Every structure is written in C-alpha cells, then in structure tokens.
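Throughout, a chain's letter reflects where its sequence line sits, starting with A, and its residues are numbered from 1. Here the structure is a predicted model, which is why all the values come from computation and not from measurement.
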Protein chains: 4
Amino acid sequence: MDRLSRHAASSSDPSSLQPANGVPPMSSLMKAFVMQGIDRVEFVDKPIPTPGPNDAIVKTTRALVCTSDVHTVKGAIGDRSGLTLGHEAVGIVTKLGSEVRGFREGDRVAVNAITPCFQCENCQRGYSSQCGEMLGGWKYANIKDGSFAEYFHVNDAKANLTPIPDSISDDTAVYACDMMSTGFMGAEHANIPLGGTVAIFAQGPVGLMATVGARLLGAGLVIGVDGMEKRLELSRHFGADVVLNFNQVDPVEEIRKLTGGVGVDSAIECLGAQLTFESCIKATRPGATISVAGYFGHGDSVNIPRLEWGVGMSDKVIRTGLCPGGNVRMSRLLRLLETGRVDPSPLTTHSFDFDEVGKALHMMETKEDGMLKPLIRF
Amino acid sequence: MDRLSRHAASSSDPSSLQPANGVPPMSSLMKAFVMQGIDRVEFVDKPIPTPGPNDAIVKTTRALVCTSDVHTVKGAIGDRSGLTLGHEAVGIVTKLGSEVRGFREGDRVAVNAITPCFQCENCQRGYSSQCGEMLGGWKYANIKDGSFAEYFHVNDAKANLTPIPDSISDDTAVYACDMMSTGFMGAEHANIPLGGTVAIFAQGPVGLMATVGARLLGAGLVIGVDGMEKRLELSRHFGADVVLNFNQVDPVEEIRKLTGGVGVDSAIECLGAQLTFESCIKATRPGATISVAGYFGHGDSVNIPRLEWGVGMSDKVIRTGLCPGGNVRMSRLLRLLETGRVDPSPLTTHSFDFDEVGKALHMMETKEDGMLKPLIRF
Amino acid sequence: MDRLSRHAASSSDPSSLQPANGVPPMSSLMKAFVMQGIDRVEFVDKPIPTPGPNDAIVKTTRALVCTSDVHTVKGAIGDRSGLTLGHEAVGIVTKLGSEVRGFREGDRVAVNAITPCFQCENCQRGYSSQCGEMLGGWKYANIKDGSFAEYFHVNDAKANLTPIPDSISDDTAVYACDMMSTGFMGAEHANIPLGGTVAIFAQGPVGLMATVGARLLGAGLVIGVDGMEKRLELSRHFGADVVLNFNQVDPVEEIRKLTGGVGVDSAIECLGAQLTFESCIKATRPGATISVAGYFGHGDSVNIPRLEWGVGMSDKVIRTGLCPGGNVRMSRLLRLLETGRVDPSPLTTHSFDFDEVGKALHMMETKEDGMLKPLIRF
Amino acid sequence: MDRLSRHAASSSDPSSLQPANGVPPMSSLMKAFVMQGIDRVEFVDKPIPTPGPNDAIVKTTRALVCTSDVHTVKGAIGDRSGLTLGHEAVGIVTKLGSEVRGFREGDRVAVNAITPCFQCENCQRGYSSQCGEMLGGWKYANIKDGSFAEYFHVNDAKANLTPIPDSISDDTAVYACDMMSTGFMGAEHANIPLGGTVAIFAQGPVGLMATVGARLLGAGLVIGVDGMEKRLELSRHFGADVVLNFNQVDPVEEIRKLTGGVGVDSAIECLGAQLTFESCIKATRPGATISVAGYFGHGDSVNIPRLEWGVGMSDKVIRTGLCPGGNVRMSRLLRLLETGRVDPSPLTTHSFDFDEVGKALHMMETKEDGMLKPLIRF
C-alpha cells in the first residue's frame, strides 16, 4: 500500500524520532520487539525514549496483540525496519515533558492506539484519527515506535494520557485502547434508532465490541453474524439477541425474515471484506446506515451492489472511521468499565509474558486454539 | 431492473388505478403521452382521472422532460404498457377528494416528482422518498400515470399540492418539481462547512442546480466539472468559482492543486457513473462527504477505490438520496424563487407545445442542439 | 392557558367530531368518563364513535391515568364540557375507515397519546407532536374525546395504529403510549455521549422512564434526583448509578462532586418546575444539553440563571419536546419490551376497573398510597 | 461577575504570564493600552512578550475595538489592573516557539479573538470556546494581555495562527477575528432550513454578520430587526429581505404576518437583552431554533416566556455559543473573503492611529457619530 507506506520514510512528527545516539549507557537501554522487514520480527535493544516538551514516557505494564500487528508484519502498510510493534498498551508514567500539566510521574495510564495532536487541520475539523493526513492519527507501529517495548513514547501527552481509576485493573483497562473504542465507534456511526434493528457482520474482538456498543446505544434487536460457533456464543454473551452462522444459513435472507422482509435499520461491517460489506448493503432497508469498522486490506476496490443500493437513490449512508483516540474518549470508555456496563475480559483467551510476544503474534495469525486476544504482561 | 419493474404490475396504491371503464363519454377523455413498450411511445386517449377521498386532479399547464423519462422509455425500470410519462409539472386544481382540506379548485399548484404518503413506515422514519418501499415515493411514470397528459392525479393531496405564489410564473415554478429539489439535495447531503470547498461532478441540469445549492449553503470554493464548454459556462453563471473541463485536464489532480494538496471537503456526484463516482472518492479529503445525486443505471456494482477510501477508515461518508417531495419542501423552494435567490430559467434551452412532446423526448435522448431542459406548454 | 384552551371550541379536524345525532339506538351507546367543567367529572353515555375514511375505532382494554389528566380537570388547558378524558390506552380494532390499509378488525393495538396526521406542515418538517399547530399532535382529551371510554376514535389510523406482538400483554404495552415515549424522548434529546454523565431531575413515571432511556442510550453515569425514598429506590431499580434525595443534599453540589467539579454532560428535566429547570442549568458543564420532558404548568416565565448559562455563550443547549407518536415510534418501543430491554410494570402501583376510574384520578391527584400509575381494566 | 473575574487573579496558563523582569532594555519595551481598574485606561510601556515552546509573537498591524472592550473596562468581567485590552487583530509573526511548525517569521497572520488549546477536555469534546473552563477560550484581555499593543502573544500557535492570503488586506482580514466568526456562528447554530425563514434581532456588527451568515446558509427569507435606520439600511445591504424598525412596529407581530401567522423557522439573538431574547421565543414557530449570539451582561436570570415556549413541549431549541476560534475556522472565513462572498468593510465607520485608541474606545461606548467598528492602525 504505497499511500501509507511512505509514512515509514518521512515522518514530519519530530516526537516520533528516537534520540540520535552513539552508544547509550546500558541503563538507558530497553528491550523492544520490532519488525525488521516483511515477515521478519525480533527482539532488539533500543534506547529508552526521551520526551520532548509536550510528550511523556510510559513504562509498559500490559499490552494486547492486534490482528493489525499481523497485517503490518505481513507488509500491509509497507516495509519497515527496526520499527517497534504494538499499539494497545497501559503502563506507568515515568517522564513528562516540560510543557505537560495535569499529570505526575507514577500515574497509572492508558493510551489509545490513536494519538492525535488535536491541533492540526484535520483534528480541528473533528477528524482526529486523520491527524495530519489520512489515517495519520495512527502513529504507533506505523510512523513511530509502538508499545511492545519496556517503555513507550506518548506524543501530545496532555491529550493522550488517561489516568486509570483504581477500581479498574490494567488487564481490563487495556481493552479501551482499541477494541472498545473501535467496536463502539462501529455502533456509534451506525445511527441506530432507539429500539431499532442492527446486524453486526463478523464477531471477532472488534465485532464483539460493536455488539456491546449496539446494546449500549439502545438497539432493540441485535443480530450477530459469524461462521465460528465459539464466537457466536460470545456474541450472545455480549448482547446479540439472535446469532447467525453464515456456514449454515444465508445471513441476508435470515435478516430479512427477522425484520418483516424490510432489512435492518443499521449494519456494522467488522471484517474488512467484500462479502461482508456487500451483505451489509443487501441486509439493510432504505435510509439505513452501513458503518464500516473493518480494515479493508486487499484489492483495488470495494464494490457496492448497485440495485440494493437503490441505484444511488435509496438514502443509504456508508460511513467509515478509525479508532477514536484522546483522553476524553478514553475516560468515557473507562467510566463504562467502572460502572459495570461492560466487561471485556472474556476476550482474553490467552496470556503471555513479554518475552513470548512473538509466539502470541504467531498464534494471532493462525488464530489457533480459538485465540481472540492475547494479553501481554510486562 | 427487476426490482423496480414489478411496480408496474402490482401497485398496492388504489389511487393510482384508472377507473375501470367501458367507453367513457367523450367529454371525460384526455390526451396522454404514453409508453407502450420499450422504445415505443405514442399519444392515446385516456379517461380524465377521478380523485379518491385523499386525492386531487390537476389540469396540466407546464411540464419538463427529464433524462429519466428517456431512461424509462429505454427500459431502465422495466417494460410498461400504457403508462403515461412525465413527472415534472404544474397546473390548476380541478377536483379535490372529500377529505382534502386547505385547497380550492382553481388553485395554481406545483407537484413534486416524488409524492410520498408521509404516513407509512419509511415516511415516518424520515425517508419519504422511500415511501412504502425503496424509491417508492417515485410514483409518476413509474407506478402510476405521469403528467404528460391534459390532467394528472395527485395522491395524498394534503401533503403534495403546493400553491404557487403570484409572483412566480409556471415556467419557473416547474423547476422546483425535480431539478431544484434533487440538485439542492445533492448539496444539502454533502455536509459542506460554511466557507468549505466542494466539487460537483457533471454539470447537466441536476449538477447545475447542485452548484446553485452549494453556493446557497455557504461553500467558500465551488468547483464545477464537466466536458462540455457550454455547460461549464452555465456552471460559472450558476455560481462555480472554478470550472474544470475533464477533456482538457485531470479533474482529480486539479482539485488537489486548488485545495493545497488535500482535496475538497465535499463532492457531489450528478451523473450516475463509475468514473465520476470514483473521482469523488479520490478528490476528497479525509472526513469528507460524497453526496450522490445521480441515478446509476448500469452494471452490477459501483466500485469504491480502496486506498483513496482509506481502506475503510478515512472517515469519508457516502450518502445517497432521491428528490425530496412534499409541499413543505416545495414551499421552501418556491420561496427561494420568490426572493430571487435563484433563477433556473437559463436551463430552458427549448420549448414545445404538448403535441410535440415526442420530439422533445427524442432530442433529450440525443442532447442535440445543446438541449438542457425542454419546457412543454399545454 | 388561553392559547391552548381554544382547541376545545374550534377543532378543524372533522374526524374528532362525534356523529350528529338524535337519539341513537341503545346498542350504539357506550360509557365514557368525561370532564364537565373545571373540577367536575362524571360518567355519561355517548354514541360509539364512527370512523371517517382514514380513521379507526378501538374497543378499549387497558388504560393508564396520567398526571396530565389531573391537570386537565383542574383547568390547565382551559374549561371543557363533555370531553372524554384519557390518552394512554390499548385495545381491539372494531372498525376501520374505507381508506385504511394494512390492519384488520380484531387486531390488538396500541395507540400513542399523540396522534399526528404526518401530512401537515409541522409534521413534514419533522415535528409531528406539533401537528397542525403548537402541541397539536396532542388530540385525546384535548381537542377530541379521549380513551376513558368503552371505545375510542383513532385519526389517521394508517400511521397511528400499532399491532401489539403476542408476547406482550396489554398491561405492559400500555406503557409505550406515553410514559416510555415521553421519558425516552427526554433521554434522546439530551445528547448523552456514549459513556457520558447525565442527571435526571424528578423520578416520577416520566423521570423513571428517562432514567431507563439514559441507560439504554449508553450513559456511563446516571444520577437520579427526587425527594421521595420510594421513587429513589425505583430509580436505582431502573438504572440510576447514584440517587440524590434533595431533601437531604444539595443535588447541584453533589452532582459537581460526582463529576470532578465540572457538572454533567446532560440533564433531563422531568417535573416542569422552575427549581428543577434551573438546577439543570447549574448542574451541567459547558456544551451540555438540558432536555426538557416536563410540562410547565405555572407562571409567566421560566427563568434561566444567567451566569451558569455562561452569559449566553456557554454552548449549552436547551431542548424541549412532546411525546413522539406514530406507529414507527410505537413499534420500536414495543420491540424494546419484546427483547426484554425494559419492564415498566413496577410503575403499576394500583389497578382499578373502569367504573372506578374516578377514584384512580382522585388518588393520582393526591398521590396517596405511593401511587405512581393506576392501571384501568375495561 | 464573580465567576469570570477570578480569571484575572489566577490563570493556570503559563503562556499568558509576562516575563519576570527587572528593568528590561529599552529595545524590548513596547507601548500597550491597558485597563488599570474599572473605568480607568492608559498607555503603558510593557516588555515585548517572549514565546514559550508552543507560542508565537505577532507584531500588530490592525485591530478593531469591540463593544466587549467597553464592557470589560466598565467591569463586566471584574476588575483588572495592567491588563492590555483588545482581542481582534492581525499582524506579522516575529517570533515562533521551538515546537511550532508550519509557519515562518514574517508571515502575515490573523488571530481569532478566541485561542483554544484544542487539547483539553472541553476542546476534545468539541467545545473549544470553552477551553479549560466555561468561556475559557476567551483569553485576550480576559486572562492574558490583549492585542492593543505593538506586539501580542499567541498561545498554541500551531492551531491559532492563520496566514492571510495576499489578495486580502489587513483592513478586511481583521473582521474574521470576531465579527464574522461570531455573527456567522449565530446563523450556523440557528438550524435554518434551505429556503427557510429567519429573523435576526439587533443589527449591530454581530447582527449584521449574522444577517450575512443567514444569507450564506440558504435562508429564503431574512428579516432584520433594529431601532436605528442607518443599521437597517446596512441590514438590507448585507442581505435582509425585510427590515423592521422596532420603534415603528411590533416586530413579533410583523414577523407573524410575514410568515402566514406561524412565525419564523429560526431566530438569532444578537444583543444580549431580555426583550430581544423573549421576542425570539415569541416570533418562532414550533420546532424552531433560537440561536443566541449576544452577550447577556445584566440581571440574575434571562426569562423564557412560558406559553410561547409551549409549556416546555414545543420542540423549540435554545442554543448558545462563543466566537469559534482556531485556524481552520479562520481559513474558511478568509476563503469567503477571497472568493467575494462577503465584504465586511462597510462596518468600518471610523479609523484611528494606535495612539488614538482611547478616543475610539470612548466613541464605541457612546456610539456617537453612528460608529459601528473603529479600525486601529499600528
């Protein structure tokens, strides 16, 4: 993907640069798990990052592996050399830049996968995930080192550090960094009427969190679609009223039956594939919103079925988005954990120590042993 | 298009049925211009329609021929036999159903191309152009007789008759029925920020009205794109700050140059074609809205270019819609004519008497002699 | 209230007129509970209403008494003579007008307290509760006979009859007619961010349903405020995370403490009183929405505290509204009952046979014996 | 106003602090026009400010005097000592903080009256004018020195410096800093339907810009209300279709007549007074939005007339706001100047050299000689 791959070569964000260095003293080195080329990962020693005036350094305590880490290593956003992986992590603030107010070293914090500056043109326009440029809010393991390291760097710390309330464990809080924010965004963008109907296509971690989000936002009928029974069980656990196994039934046809022939008010795409996308168009009624939460990794185009789209006149809306970041978003997500609205911990099917992160990444690729999310302990 | 063609066979709207008849008295016959099959049109005598309790009958004074009349005759919505064509018309109320309040016989009225019931499920949901079913608000020359006749029938007259103020001529008011409503919708759906940038792809009658709409809604930079110089001149006349002839330049590239490399805030598709659609995706910045006002008549799918769509994560929104109907919409459009915000009359490149409507329709197909809109006088 | 009282004298809606009659046959008479003047109610015999072409007649099975019935009898909307009271009811369709499609006699249906035409100017504008004129969607026991009768009349039946699914009892469905629709509207208008904070002032039946609504719509912290312990217990039952008894604490101060000193994202006013209204302004942060679900029955003005309103520059929004009607709204509410999102039955503190409705109305005024809602059985 | 006055005493924004100084060298002193107490102003020498890492220093070239400068000197936001006045200014960048990218010394820039950080909680929530706290985006001549000085300080320069295109003079660009941004906000918040009706109460500089804004956003009928003929003439010049002199007619009654008895779709309050506010409620139809752009300087409360507010159930919405800042906003406003959508220069009724700013301020208080806006040249 040429458009995105240039990020690696030319970041204009100085905060992402690591200190120019001769050989740093041993005490300032840390272990980091990096991509060294397409399909090549390894542990290396890197200098512990130092903060610019608006930045912070966080000592990692927990992280999650994401399918997009797998994509990255496979070359989805181009080649990388020496780039630390990982973008879902919590930890302890160890250093603060001179201009950062409102936090203290020692604070336990969560940092969203997306770390916008909130001041550039796209941020002011209200599209902070597109900070600087398209998808530019996604900096970790893309245009700067990620969080699979003993320490990680946080740009624009004033807006991107979120204190974790005492009642929430690191193991739980780390789900706010991407899974909850992305999945819930899928539901928020879907324009579900209170009491309306919604279908969520794919019930992986993001799809399951979209299912939770649809319930949290007042959907009256939530339909989860996937092909794996285990995920459909979780879908029911997380709030689906009806689940459909696409290996057993035609989900579009079933959705029409469940909705008196008219289709759902809203559909959420959580896989990033042509088949699920076009099913969203087909399974929805006129005026519906199709909300895309998946990452479309392949092909030149994504195709809209013309007739079910009402030849461009059906009042259907197709929205897209990328994990909303910033500490206001994060505080709201943590509040939902605090008041017991959701418990994402069933997503943690496996856990590993940091030195096993390579194994976790490999299993994430194969999805063996029913893996949903592997939790990494530091 | 099978989905739509069944309308002809089974309308559940009894008001659209013509009176069962033996031979009606001569005085109750009228001349109508009908489609008798794909590519076959002719004048026939039909009974003057009679109103049900909620309906009205209007004596036609002016009508416009629309490109979609051409599509219909070519079979775009399936075969039809004996269906009167035409959906843009104004006239005089001659009969009112027993339940219709607030109007009088003799009122000069405009009737939108789309005549929703406003009471069904889709109407209550706010999608009145999808009345009853997808695109179901479009009744004239689709599921009931149209307005290329000496008289035409208006369902749900309480909501669909709009008195024309004295200061507005029939020749002008008739543009509110479709061209202004559809074109302006294109701009309204485009989410243009006050002072923002917008590109309108195709500058036929709908595109030109979208250009007017973009100006009316506060766009700071309006870019009109077409391939015909005459239309680009009109584009400038109707408010484009810059026009781009796609035969001379690459409009996507030019739009990027005009916007400091980032693309426009909004794009409006007014042709219904793959090329213009994908250009809208490519010419817009993250977070932009692509508003579709065109009618996509061909192919199985309409394709979104994956990378410029930000792999489904760019915050771009694709909206669609169909000419908003009803007398509140119409009154607002007529007010814009009354207070001089727009004068659509330059769209009338030709005019014809009713008995020449076949010739007008033919020229609309060939677009010969620079035809934009032919006005039909009754 | 002069503005509203004129309704009684001159309704332009012919469907609300009772048949002109000499002495009707005994079999076409029914029992109705009417207001005969301010503070005067009694049972009378009335003709069973007959439907116009767009209307329906429903045989009442269950009704609820509303505090606004008390207000009406006390003269809040002016004097009335012979007006049947009641506006929350379900029943069986017994007659359908000639133009009403999609229903059958014998259907078990719910009818919202507000019965808009959906075709007039305000309805088309999207404000169907203001049908015809301000508050004009409120027809029952205001501009036409209400539902405290053996039969009641439904105008614009196509849009206002809602079939009740088999799994929902009449006792439960009747709560959709006003309490759920109004209370949920309070929450929908409050613009609560997912995970945001909201305070609901007053925990009567509408306030309790607003509490449910806030939970259904994803509030992260819900604060219920009232002065009666029993209502605060129900508030907790229906989803409040924290309840505040204003007889024991200053709710504005407590809300500030609970929100880190800044105030809530949203406040919902459910009483219609100066004190709760101004508390909403004071308890909210900049940019908050104050949603009014209460009926303000007294005084010349309702006063905004100037400083807490940010001298008119705080980005605070004050919204108002009246119980949304129509069968799309009702179907969504019934779906929430069907899929178990809410069970309003704890609101039914008492039940009565129809001939005891006078007693129920009296107790509703005194609120004796902890009455919340009395259910009337026919 | 105690709530706001504490700003003077304790700003937590370090960038607003002037350098601690012994006696600075003459060359680093500048002339500033300051408030020394309620009703006391004078010229003093102050050190030229120096930028922190995220700041910039601008050499002032043009400024405008605002009625709120008069209010400030009269004590409306509390006492101040040594505070430089002024918040509408343009100039030349002379120094940039170490972290500020994308600008160069020598750039000609405009700076909005409101300079948010865009990173704090309220900014992330989308309410940047409430930066840090209620009204906290308003820093100049409130919580930091203003721009009636040879140089002024710009916090968060990345977001708050706006390059001025060559085609726009300083004399014109300076109107974007407050008058256009505030007046247009009044129109943007008013939810005017395309072709809808709007009344703007008070036609001072903000009201006149709200009138322009209403036209730019597609209002079909714009009604300007004021008591001074000269302002009503300008109102017509800037786009009002009808003007009403409240000394000659009852504007509420006239507005009803102009709108078929129903009232306007939207009203904009541009004075900050009880009478105009309640007229907005009275002159609007159900479902209308009342947009407040005025600054309410007096009294404990602002009162909503209860009946015309529909006893809290009319679907009327009351919005408020404070001049939107930031360089995205400013760039859009400058674009509207560049493409000729508006020319605010008729607002400049007088101009003065900087050493006469005291005289300009005095005339602004008395409004003598028909003063609208005095332009200050440096």
(message) Can you pull out every ring-ring contact (aromatic ring centres under 6.0 Å, His included) where at least one residue sits in residues 112-132 of chain C? Sequence neighbours excluded, please.
(response) none
(request) Check the pair C:Ile304 / D:Ile304 against side chain to side chain contact (heavy atoms under 4.5 Å, CB included), numbers first and verdict last. (result) CA-CA 7 Å; C:Ile304 306 170; D:Ile304 306 170; 3.7 Å; yes
(request) Given ring pair (Phe, Tyr, Trp, His ring centres under 6.0 Å), test C:Tyr295 with D:Trp309 step by step and report yes or no. (result) CA-CA 11 Å; C:Tyr295 170 166; D:Trp309 190 48; over 10 Å; no
(message) Is D:Asp300 in contact with chain C via its backbone, its side chain, both, or neither, using a 4.5 Å heavy-atom distance?
(response) backbone
(message) Would the distance check show the side chain of D:Gln130 and the main-chain N or O of C:Met313 forming a donor-acceptor pair, the cut-off being under 3.5 Å?
(response) yes
(request) State, yes or no, whether a side-chain contact exists between C:Phe296 and D:Leu307 at a heavy-atom distance under 4.5 Å. (result) no
(message) Just verifying a value: how many Å separate D:Ser314 OG and C:Arg319 CZ, rounded to the nearest 0.5 Å?
(response) 11.0 Å
(message) Quick one, C:Asn122 and D:Val262 - any side-chain contact, counting heavy atoms below 4.5 Å?
(response) no
(request) Return the minimal non-hydrogen interatomic distance between C:Asp315 and D:Ser129, and the atom names on each side. (result) OD2-CB, 4.4 Å
(request) With chain D as the partner chain, list the residues of residues 280-291 of chain C whose heavy atoms fall under 4.5 Å from it, by residue number, and write 'none' if nothing qualifies. (result) C:Arg285, C:Pro286, C:Gly287, C:Ala288
(request) Could you give me the CA-CA distance, side-chain angles and deciding distance for C:Val317 and D:Val317, then say whether side chain to side chain contact (heavy atoms under 4.5 Å, CB included) is met? (result) CA-CA 7 Å; C:Val317 175; D:Val317 175; 3.7 Å; yes
(message) So does D:Lys316 get a backbone contact from the side chain of C:Thr320, meaning a donor-acceptor N/O pair under 3.5 Å?
(response) yes
(request) Examine whether an atom of D:Glu278 lies under 4.5 Å from a heavy atom of chain C, and if so say whether it belongs to the side chain, the backbone or both; otherwise answer neither. (result) neither
(message) Using a 4.5 angstrom heavy-atom cutoff, name the option from C:Gly299, C:Gly294, C:Pro305 with the most pairs to chain D.
(response) C:Gly299
(message) Does any backbone or side-chain atom of D:His189 lie under 4.5 Å from a heavy atom of chain C? Answer side chain, backbone, both or neither.
(response) side chain
